[in-house]
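A quick note: this is a predicted structure, and the numbers were derived from the prediction, not measured.
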Amino acid sequence: MSTFDNPFDPDRNLRAGCVCGQHQSATEHEQATALACEPVASEEQRYEGVVASAVMRVMFPQDVARRAFLKSVGASTALAALSQFFPLKTATEVFAQTGVPEKKDLKVGFIPITCATPIIMAAPMGFYAKHGLNVEVVKTAGWAVIRDKTINKEYDAAHMLAPMPIAISLGLGANAIPFAVPAIENINGQGIVLASKHKDKRDPKDWKGLKFAIPFDYSMHNYLLRYYLAEHGLDPDTDVQLRSVPPPEMVANLRADNIDGFLAPDNICQRAIYDGVGFMHLLSKEIWDGHPCCSFAASREFITTAPNSFAALTRAIVDATAYASKAENRKQIAEAIAPVNYINAPVTVLEQVLTGTYADGLGGVKTDAKRVDFDPFPWQSFAVWMLTQMKRWGQIKGDVDYKAVAEQVYLATDTKKLMTEMGLSPPASAYKSFAVMGKTFDPAKPEDYVASFKIRKQS
């Protein structure tokens with residue numbers, strides 16, 4: 001997915017459907033490309049480009065004519081000519097005038113894990129300030145605390161596990177309060193770590209009776225670990241013990257022999273390896289490559305009462321996510337988020353996570369550039385999949401209106417509009433199919449998917 005539409009590139013297609021001009025549709029383009037968010041030099045330049053693109057579309061409805069014109073006169077001459085007949089500067093200033101935030105001083109809670117990278121880095125690296133906000137990012141002990149402080153309005157918005165806003169909206173584990181997700185924080189970026197004493201137990205069929213930690217019941221970690229165990233013939237409710245443990249406490253619990261392993265964020269995995277108490281069994285992307293993990297979330301009440309503040313926050317998060325998606329920025333980001341008031345981890349540990357070159361705890365060094373990645377678009381098909389797992393494991397009883405819940409909580413339409421205004425190119429559809437451990441998920445047939453699993457909670 002490309003991001004900034006350069007209207008003066010003669011090889012660039014400005015028509016809706018495919019931004020690179022190499023595919024017949026936006027869907028085909030989305031399937032063939034990955035997010036490649038490149039921040040421009042300034043917000044003013046971003047707006048200039050968006051306005052100029054719109055003008056060029058009107059003047060040259062056909063891409064062939066536009067390309068011929070640009071190739072004959074050049075980009076700089078085209079811009080000068082365009083400026084003579086259309087007030088680009090004035091139009092850019094008008095376009096850039098967004099609503100003034102109702103609240104500029106905001107608090108956003110986060111858990112100290114690399115999944116929260118865009119939320120955390122947006123403070124020290126100036127993304128919040130760039131969008132007119134003064135944001136205090138507050139390190140928080142655990143997910144239940146994040147949930148409660150956000151519900152109680154101590155936080156204006158928060159870093160949440162991707163399924164949490166769905167659970168909160170449905171009243172699972174707490175009173176039902178409408179929450180929404182405008183942006184996904186990270187994709188991939190988790191792993192299954194086992195204690196060093198279990199190096200001879202690489203086959204999950206040998207894991208009966210072991211104790212595993214997950215961060216929270218309503219987490220991708222819970223659903224991915226359950227999925228992985230069940231695919232190897234283990235019932236996660238009877239054959240192993242699953243315990244909710246805050247991520248910052250997992251390594252200590254592994255060292256103390258309170259647990260045998262965990263599925264957790266990669267910085268927790270890498271810290272266990274760094275401390276010599278565990279090894280990487282597998283990365284979560286080996287279960288589902290491209291899975292979401294964490295999200296940026298806010299209550300519907302905050303969105304309604306402070307829409308301009310919410311929009312500015314979302315722009316800052318999407319902007320930071322765009323920057324984090326570029327491999328060349330990862331070492332700089334690792335240094336920015338390492339201090340004690342953020343993740344409180346050695347820069348070396350964070351670099352191994354963010355760059356994808358890491359020690360595996362088994363004496364090897366592995367490289368996987370997509371070990372963790374960043375793509376802000378809140379795919380509603382992600383939400384449908386999470387709902388199927390909630391149903392599969394008995395967290396939801398009775399009938400589920402998968403599509404309605406997904407579209408209520410995951411704000412794909414709003415985010416698509418915002419990304420387009422920022423000069424980014426969101427996908428054409430909010431639904432896509434994907435495979436989990438080789439099994440294809442069709443978001444249009446969620447009940448069939450749930451029924452297809454032999455191991456599940458029987459209602």
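Ring-plane geometry between Trp207 and Tyr228 is classed as tilted, the angle between the planes lying from 30 to 60 degrees on a 0 to 90 degree scale. Ring geometry, Phe434 versus Phe441: the interplanar angle falls from 30° to 60°, so the pair is classed tilted.
Applying the side chain to side chain contact (heavy atoms under 4.5 Å, CB included) test between Lys149 and each of Ile146, Ile151, Asn152, Val145 identifies Val145 as the sole match. Among Phe110, Phe374, Tyr342, Tyr323, the one residue that satisfies the side chain to side chain contact (heavy atoms under 4.5 Å, CB included) test with Thr117 is Phe374. Considering Phe377, Tyr402, Trp288, Tyr410 as possible partners of Phe382, the one that fulfils the ring pair (Phe, Tyr, Trp, His ring centres under 6.0 Å) test is Trp288.
Side-chain atoms of Phe296 and Thr314, non-hydrogen and from C-beta on, do get closer than 4.5 Å to each other. Side-chain atoms of Tyr128 and Asn134, non-hydrogen and from C-beta on, never get closer than 4.5 Å to each other. Taking the side chain as every heavy atom from C-beta outward, Phe262 and Val245 never approach each other to under 4.5 Å. Between Lys211 and Asn258 there is no side-chain heavy-atom pair separated by less than 4.5 Å. For the pair Met386 and Pro292, the minimum side-chain heavy-atom distance is below 4.5 Å. Between Gln270 and Thr114, the closest side-chain pair of non-hydrogen atoms is not below 4.5 Å. Here the side chains of Ile303 and Leu411 are in contact, with some heavy-atom distance below 4.5 Å. Met250 places none of its side-chain heavy atoms less than 4.5 Å from the side chain of Cys269.
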Mind running side-chain hydrogen bond (donor to acceptor under 3.5 Å, both in side chains) on Tyr431 and Glu407 for me, showing each step along the way? CA-CA 10 Å; Tyr431 291 88; Glu407 293 178 4; 2.7 Å; yes

Do Tyr155 and Asp148 pass the side-chain contact (heavy atoms from CB on, under 4.5 Å) test, and can you show the C-alpha distance, the side-chain angles, and the key distance before you say yes or no? CA-CA 9 Å; Tyr155 297 157; Asp148 295 345; over 6 Å; no

Run Leu210 and Lys201 through side-chain contact (heavy atoms from CB on, under 4.5 Å) and show every step you take. CA-CA 11 Å; Leu210 296 189; Lys201 292 183 178 178; 4.2 Å; yes

Would His159 and Ile120 count as a side-chain contact (heavy atoms from CB on, under 4.5 Å) if you check the C-alpha gap in whole Å, the side-chain angles of each, and the deciding distance to 0.1 Å? CA-CA 9 Å; His159 163 214; Ile120 299 171; over 6 Å; no

Between Asn222 and Phe216, does a side-chain contact (heavy atoms from CB on, under 4.5 Å) hold up when you go through it step by step? CA-CA 7 Å; Asn222 184 25; Phe216 201 61; over 6 Å; no

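Atom CG of Leu313 sits about 14.5 Å away from atom CZ of Phe127, to the nearest 0.5 Å. Within the model, atoms CD of Gln380 and CG of Leu387 stand 11.5 Å from one another, a figure rounded to the nearest 0.5 Å. Here the NE2-CG distance, from His221 to Leu242, works out to 13.5 Å after rounding to the nearest 0.5 Å. In this structure, Ile166 CD1 and Tyr218 OH are separated by 12.0 Å, a value rounded to the nearest 0.5 Å. Interatomic distance, CD1 of Ile113 versus CD of Gln190, reported as 6.5 Å (0.5 Å rounding). Within the model, atoms SG of Cys294 and CG of Leu161 stand 5.0 Å from one another, a figure rounded to the nearest 0.5 Å.
Checked by atom type and distance alone, the side chain of Arg330 pairs as donor or acceptor with a backbone atom of Leu354 at under 3.5 Å. Using a distance-only test at 3.5 Å, with no hydrogens or angles considered, a donor-acceptor pair links the side chain of Arg392 to the main chain of Ile455. Remark: side-chain polar atoms of Asn186 are paired, donor with acceptor, to backbone N or O of Asn188 under 3.5 angstrom. No donor-acceptor pair closer than 3.5 Å links the side chain of Ser309 to the backbone N or O of Pro101. Checked by atom type and distance alone, the side chain of Gln352 never pairs as donor or acceptor with a backbone atom of Val349 at under 3.5 Å. Distance alone, capped at 3.5 Å, is enough to place a donor-acceptor pair between the Glu185 side chain and the Ile119 backbone. Checking side-chain atoms of Glu301 against main-chain N and O of Lys153 turns up no donor-acceptor pair under 3.5 Å. Between the Ser196 side chain and the Gly278 main chain, a donor and an acceptor come within less than 3.5 Å of each other. Side chain of Asn267 to backbone of Leu350: no donor-acceptor contact under 3.5 angstrom is found. Listed for the His232 side chain is no donor-acceptor partner under 3.5 Å among the backbone atoms of Lys205.
Using a cutoff of 4.0 Å between basic side-chain nitrogens and carboxylate oxygens, Asp368 and Lys285 are scored as salt-bridged. A salt bridge links Lys197 and Asp257; the closest N-O separation between the charged side-chain nitrogens and carboxylate oxygens is under 4.0 Å. At a threshold of 4.0 Å, the pair Glu447-Lys391 counts as salt-bridged, since one of the basic side-chain nitrogens sits closer than that to a carboxylate oxygen. Contact check on Lys439 versus Glu231 returns no salt bridge, with no Lys/Arg side-chain nitrogen under 4.0 Å from an Asp/Glu carboxylate oxygen.
Contact record, Asp217 with Gln395: O-NE2, 3.2 Å, taken as the closest heavy-atom pair. Here the closest heavy-atom approach between residue Arg271 and residue Pro346 is recorded as NH1-CD, 3.2 Å. For the residue pair Ala162 and Ser295, the shortest heavy atom distance occurs at CA-OG, 3.9 Å. Listed here is the closest heavy atom pair of Gly189 and Ser284: N-OG, 4.0 Å. Closest of all the heavy-atom pairs between Ala272 and Leu254 is CB-CD2, 4.2 Å. Closest non-hydrogen pair, Thr388 versus Pro446, comes out as CG2-CB, 3.7 Å.
Within 6.0 Å of the NZ atom in Lys139, the count of heavy atoms belonging to other residues, nucleotides or ligands exceeds 12.
Ring centers of His291 and Trp379: at least 6.0 Å apart, outside the cut-off.
Using modelled atom types, one finds a donor on one side chain and an acceptor on the other under 3.5 Å when comparing Tyr449 with Trp385. Side-chain contact, Asp375 with Ser325: no donor N or O sits under 3.5 Å from an acceptor N or O.
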